[in-house]
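Remarks on the structure that follows.
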There are 2 protein chains.
Amino acid sequence: MDPRPTAVQAPIHLRIADDIRMQIERGELEPGASLPTLAELAARWSCSMNSTRAAIALLKAQGLITSGRGKAPTVRIQPRKVIRSSERHQVEKDLVLKSEADRAGIGEAETNLGISIDNQRFTSRYDQIAAGEMAGIFGINPNDLLLRRCYEATDPMAGLRLSWSVSYMPVALIESNPALLDERNEPWPGGTMHQLSTVGIEIMRVVDEVTARMPTTVEAQTWGLSNGIPLVFCRRISIDGGGRVVEISDADYPADRTELHFVTPLKAWPKSRRKPSQHGL
Amino acid sequence: MDPRPTAVQAPIHLRIADDIRMQIERGELEPGASLPTLAELAARWSCSMNSTRAAIALLKAQGLITSGRGKAPTVRIQPRKVIRSSERHQVEKDLVLKSEADRAGIGEAETNLGISIDNQRFTSRYDQIAAGEMAGIFGINPNDLLLRRCYEATDPMAGLRLSWSVSYMPVALIESNPALLDERNEPWPGGTMHQLSTVGIEIMRVVDEVTARMPTTVEAQTWGLSNGIPLVFCRRISIDGGGRVVEISDADYPADRTELHFVTPLKAWPKSRRKPSQHGL
DNA sequence: GAGTGGTCTAGACCACTGT
DNA sequence: CAGTGGTCTAGACCACTCC
């Protein structure tokens with residue numbers, strides 16, 4: 001019944017890759033250590049160099065190693081992860097009540113990354129688009145206008161992207177304060193929460209929707225991602241007291257240097273609750 | 001100064017892959033549609049079939065297409081995403097107060113996936129290990145024992161993994177109820193929240209730490225993942241009223257069929273707050 | 001300059017899909 | 001069965017690193 005008569009020998013490049021992966025997991029190859037050269041692997045496994053190339057390519061695609069011309073492949077060194085916590089939502093909301101001096105320099109720009117504000121080149125770009133497919137989330141018509149704000153921070157030295165996000169807000173909600181429609185007012189002290197407060201909107205709930213995907217070739221270049229590193233995609237939906245969706249913000253985070261934290265406080269059980277029934281034993 | 005005299009022509013396989021990717025993004029190639037064969041691509045781009053293979057392999061590694069022997073590669077069809085919301089934490093906590101009848105069938109097993117409970121084969125395995133590197137998070141000694149509980153659900157028809165998680169709890173915290181140490185009591189009606197309640201522990205805060213990584217070859221097989229699909233990794237840390245870490249739970253989610261939702265309620269501004277100062281204009 | 005990995009070719013064999 | 005993609009080889013040229 002089983003189409004395979006016995007266990008079929010796995011392809012040579014998979015066996016080579018698996019062997020190296022196990023050496024890495026066992027710690028025999030430490031981060032930063034050099035792997036055998038393609039020629040050495042080919043000799044050891046009695047196969048062509050193209051097969052060893054395929055094995056190395058697979059490990060690169062899995063994010064385990066890095067390689068480049070002229071030098072042996074090395075075990076990938078995990079960069080320190082930057083933590084981005086959902087507690088920031090409350091912090092940003094509280095900031096609205098502070099003085100402009102306190103809010104200064106806490107615009108959308110600086111909140112995106114926890115490191116070296118001085119070494120970031122920050123750009124923001126505003127335009128207006130039809131809501132289209134996003135109309136359903138906002139509960140508006142597809143022809144209604146959204147203000148689209150694109151934010152990007154790059155490292156001017158390396159030319160690499162450090163953060164990226166796109167924000168959408170219905171123009172009808174905010175046009176009573178024309179300053180909100182003008183990108184020349186970026187960076188806005190206090191960020192989006194304060195911007196919305198100027199038109200009487202208070203965010204009461206934030207929903208973060210998280211998934212991941214592989215970057216395209218150009219995205220990998222833009223972020224300076226080595227092969228095999230996914231992008232974590234987070235869509236933040238901000239909702240006001242009336243349950244109205246006010247803002248949607250999409251952001252990408254490189255998985256090798258980012259960890260998203262979400263804190264969920266739970267309501268206490270009533271003091272007078274009956275003791276839960278035992279189970280088992 | 002620039003080492004590149006002019007723009008260097010990108011490698012042929014990247015140009016082919018990029019061309020196909022743009023066709024997909026523009027909608028000229030719909031999900032499920034067949035791509036040109038390797039031979040057709042080779043003829044169209046005047047290159048060898050191995051180069052077209054490399055292009056197809058790259059698109060597979062980026063999760064855009066699927067391919068297999070004997071048939072043309074096709075544009076990947078995105079499976080419907082299962083939503084796993086952090087609001088479940090509160091739901092599970094509330095469940096502890098319900099009757100055993102209400103709690104029945106809501107163990108760790110069924111909470112992992114939102115679909116077809118009948119078609120899951122569920123396994124759980126308990127053992128005890130030294131805390132080791134996790135001691136720091138729990139605030140215990142590395143030699144102290146942790147109860148490790150491994151949960152896995154598989155589709156008995158396809159033989160594929162549907163969910164997977166590992167939970168760690170200090171044995172010292174729960175050994176006063178020996179039933180908690182015995183895997184034969186799985187599935188426990190009401191799940192971990194109820195188990196902890198039997199030893200007087202109430203979870204007051206849950207922190208979810210989220211990142212992503214590429215699966216290894218065997219993980220891709222186990223989950224039935226096609227190439228280029230990352231695994232979203234979520235570490236859930238459960239904390240009681242005294243700020244003590246009570247449980248750590250690690251889980252993987254296939255990024256192509258999972259979306260993690262995190263809801264953050266925000267505290268209201270005081271009614272008497274001063275009007276925020278305007279900005280710009 | 002020697003050695004490395006990256007790119008690319010031509011060609012072979014095999015497993016699998018369709019008809 | 002013909003046609004497809006998957007695997008694999010041998011060999012070439014190039015860009016890059018290190019000595």
Side-chain angles (χ1 to χ4, degrees), chain A residues 1-20 29 32-61 64-76 217 220-221 226-228, chain B residues 1-20 29 32-61 64-76 217 220-221 226-228:
Chain A
M1 294 308 153
D2 191 325
R4 295 163 300 183
T6 66
V8 175
Q9 182 94 300
I12 183 66
H13 69 274
L14 290 185
R15 279 181 285 147
I16 298 174
D18 228 44
D19 180 63
I20 296 175
L29 286 168
S34 288
L35 268 56
T37 66
L38 295 185
E40 285 169 356
L41 286 172
R44 188 178 311 169
W45 290 84
S46 311
C47 66
S48 78
M49 280 179 61
N50 273 357
S51 295
T52 62
R53 278 186 223 282
I56 294 302
L58 178 60
L59 292 170
K60 276 175 61 177
L64 285 171
I65 66 172
T66 60
S67 70
R69 285 189 222 252
K71 57 182 178 189
T74 55
V75 180
R76 207 184 139 66
T217 309
Q221 274 183 304
S226 51
N227 285 327
Chain B
M1 298 308 151
D2 192 325
R4 296 162 300 183
T6 67
V8 175
Q9 182 96 300
I12 183 66
H13 69 272
L14 290 184
R15 277 180 287 148
I16 299 174
D18 229 44
D19 180 63
I20 296 175
L29 287 168
S34 287
L35 268 56
T37 66
L38 295 184
E40 286 169 355
L41 286 173
R44 189 179 310 169
W45 290 84
S46 311
C47 65
S48 78
M49 278 179 63
N50 274 357
S51 296
T52 62
R53 277 186 224 282
I56 295 301
L58 177 61
L59 292 169
K60 276 175 64 177
L64 285 171
I65 66 172
T66 59
S67 70
R69 286 188 221 255
K71 56 182 179 189
T74 56
V75 180
R76 203 183 143 65
T217 309
Q221 273 183 301
S226 51
N227 285 328

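Chain identifiers are assigned alphabetically (A, B, ...) following the order of the sequence lines, protein sequences preceding nucleic acid strands; residue numbering begins at 1 within each chain.
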Open item on the list: Strictly distance-based, threshold 3.5 Å: is any side-chain N or O of B:Arg53 a donor or acceptor partner for the main-chain N or O of B:Leu38?
Closed with: no
Separation of [N] [atom2] from [X] [atom1] (nearest whole Å):
{"X": "B:Leu58", "N": "C:dC8", "atom1": "CG", "atom2": "P", "answer": "12 Å"}
{"X": "A:Lys71", "N": "C:dT4", "atom1": "NZ", "atom2": "C1'", "answer": "11 Å"}
{"X": "A:Leu14", "N": "D:dG6", "atom1": "CG", "atom2": "C1'", "answer": "11 Å"}
{"X": "A:Leu41", "N": "C:dG6", "atom1": "CG", "atom2": "P", "answer": "12 Å"}
{"X": "B:Met49", "N": "C:dA10", "atom1": "CE", "atom2": "P", "answer": "12 Å"}
{"X": "A:Leu35", "N": "C:dG3", "atom1": "CG", "atom2": "P", "answer": "20 Å"}
{"X": "B:Leu59", "N": "D:dG6", "atom1": "CG", "atom2": "P", "answer": "12 Å"}
{"X": "A:His13", "N": "C:dG5", "atom1": "NE2", "atom2": "C1'", "answer": "18 Å"}

Open item on the list: Any heavy-atom pair between the side chains of A:Leu64 and A:Arg76 that's under 4.5 Å?
Closed with: no
Task: Side chain to side chain, A:Ile65 and A:Leu29, heavy atoms closer than 4.5 Å - done: no
Open item on the list: Both A:Gly70 and A:Cys47 contact DNA chain D. Taking the nearest nucleotide for each, which residue is further toward the 5' end?
Closed with: A:Cys47
Open item on the list: Over all strands shown, is B:Ile12 touching base, sugar-phosphate only, or nothing at heavy-atom distances under 4.0 angstrom?
Closed with: sugar-phosphate
Of all the nucleotides listed ([options]), which has the minimum atom distance to the side chain of [X]?
{"X": "A:Leu38", "options": "C:dG5, D:dT9, D:dG5", "answer": "C:dG5"}
{"X": "B:Arg69", "options": "D:dT17, D:dG6, C:dT4", "answer": "D:dG6"}
{"X": "B:Ser67", "options": "C:dT7, D:dC8, D:dG5", "answer": "D:dG5"}
{"X": "A:Asn50", "options": "D:dG5, D:dG11, C:dG11", "answer": "D:dG11"}

Open item on the list: How long is the straight-line distance from CG of B:Leu41 back to SG of B:Cys47, given to the nearest 0.5 Å?
Closed with: 7.5 Å
Task: Atom pair CD1/CG of B:Ile56 and B:Asn227 - distance to nearest 0.5 Å - done: 12.5 Å
Open item on the list: Would you say B:Lys60 places a side-chain N or O within less than 4.0 Å of OP1 or OP2 belonging to D:dG6?
Closed with: yes
Open item on the list: Counting only side-chain nitrogens and oxygens, does B:Ser51 get under 4.0 Å of the OP1 or OP2 atom of C:dT9?
Closed with: yes
Open item on the list: Using a distance-only criterion (donor-acceptor N/O pair, under 3.5 Å, no hydrogens), is the base of C:dG5 paired with the side chain of A:Arg53?
Closed with: no
